[in-house]
Visitor: 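Take a look at this one; I'll ask things after.
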Amino acid sequence: MQVVLQPIDVPVALSLCLTPGQTFARLGAGLRISPSTAHQAVRRLVTAGLVFTRGARHEANVAGLEEFLRHGVRYAFPPERGRRQRGVPTAHGAPGVHGTLGGDIEPLVWPSPSGKIAGTSLTPLAPAAADLIETQPELYELLALVDLFRVGTARDRAVAGELLSKRLIELAQ
């Protein structure tokens, strides 16, 4: 049977970029998914070549992941916009991006009752993505940046690519 990546695989891979070698239980707890869901995601990522297995340790293939995020994520997981509501900013409104790209762009948000701004809702790649701003701010920033690849113009994606490369280089050091 053909292995097909799922939206949750992207945050799992990014989490492994931030903290290589996490257990499935820790991955699951951080993303509010079950350990078995985390295991299945890692299995798909290994098959796709986006995660390496070194013994019992799993590590992101940073170069492959960067290539996928830059060129494939918007096709594999096209954005699903919804109605205007309160939420957590993503894409153009994300930390590190907000103000970098000019223009009056309607904010995109991951829906959340505890969100601080109103904007057009965008279905996140992880069900609990809006909670990451409090629990895992680095992962939140990376996922919000990934949304810029999904919804942005060519210029937006170029800026997102520069920011992503810079962030991944920092993580590798």
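Starting from 1, each residue takes its place in the sequence as its number. The structure displayed is predicted, hence computed values, not measured ones.
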Visitor: Please check this pair: side chain of Arg157 against backbone of Phe149, looking for a donor-acceptor N/O pair closer than 3.5 Å.
Guide: no
Visitor: Membership question, hydrophobic clusters at under 4.5 Å side-chain separation (ILVMFWY): are Ile133 and Leu143 in the same one?
Guide: yes
Visitor: Can you give me the closest heavy-atom contact between Pro107 and Ala118, atom names plus distance?
Guide: CG-O, 3.8 Å
Visitor: If you apply the rule salt bridge (charged side-chain N to carboxylate O under 4.0 Å, His left out), what do you find for Arg167 with Glu141, and how did you get there?
Guide: CA-CA 10 Å; Arg167 186 68 181 109; Glu141 290 179 18; 5.0 Å; no
Visitor: Mind running side chain to side chain contact (heavy atoms under 4.5 Å, CB included) on Gln22 and Ser15 for me, showing each step along the way?
Guide: CA-CA 9 Å; Gln22 293 181 69; Ser15 185; 2.9 Å; yes
Visitor: Is there a side-chain contact between Leu31 and Leu139, using heavy atoms and a 4.5 Å cut-off?
Guide: yes
Visitor: List the steps and the verdict of side chain to side chain contact (heavy atoms under 4.5 Å, CB included) for Glu59 and Leu16.
Guide: CA-CA 6 Å; Glu59 299 176 11; Leu16 287 170; over 6 Å; no
Visitor: Answer whether the closest heavy-atom distance between the side chains of Val146 and Leu164 falls below 4.5 Å.
Guide: no
Visitor: Which pair of non-hydrogen atoms, one from Gly30 and one from Gln136, has the smallest distance, and what is that distance?
Guide: O-NE2, 2.7 Å
Visitor: Minimum heavy-atom separation for Ala128 to Arg32, with atom names?
Guide: CB-CB, 3.8 Å
Visitor: I want to check something: taking the side chain as every heavy atom from C-beta on, are Trp110 and Leu132 in contact at a cut-off of under 4.5 Å?
Guide: no
Visitor: Quick one: does Phe68's side chain get under 4.5 Å of Leu50's, heavy atoms only?
Guide: yes
Visitor: What pair of heavy atoms forms the shortest contact from Pro127 to Ile8, and how long is it?
Guide: CD-CD1, 3.9 Å
Visitor: Between Ser165 and Glu66, is there a side-chain heavy-atom distance shorter than 4.5 Å?
Guide: yes
Visitor: Do Arg81 and Thr123 come close enough that some side-chain heavy atom pair is under 4.5 Å?
Guide: no
Visitor: Determine the minimum heavy-atom distance between Asp9 and Leu45, stating which atoms define it.
Guide: O-CD1, 3.4 Å
Visitor: Hey, does Val42 have a side-chain heavy atom less than 4.5 Å from the side chain of His39?
Guide: no
Visitor: State yes or no: do Val10 and Val151 share one hydrophobic cluster built from I, L, V, M, F, W and Y residues joined by side-chain heavy-atom distances below 4.5 Å, directly or via other members?
Guide: no
Visitor: Determine whether a donor-acceptor pair (N or O, by modelled atom type, separation under 3.5 Å) exists between the side chain of Asp147 and the backbone of Ala144.
Guide: no
Visitor: Closest approach of Glu162 and Arg70, non-hydrogen atoms and distance?
Guide: N-NH2, 4.0 Å
Visitor: Contact between Lys116 and Val88 at the side-chain level, heavy atoms closer than 4.5 Å - yes or no?
Guide: no
Visitor: Side-chain heavy atoms under 4.5 Å apart, restricted to Ile/Leu/Val/Met/Phe/Trp/Tyr: what other residues fall into the cluster of Val109, or is it alone?
Guide: Ile117
Visitor: For His58 and Phe24, I'd like to know if the aromatic rings sit close, meaning centre-to-centre distance below 6.0 Å.
Guide: yes
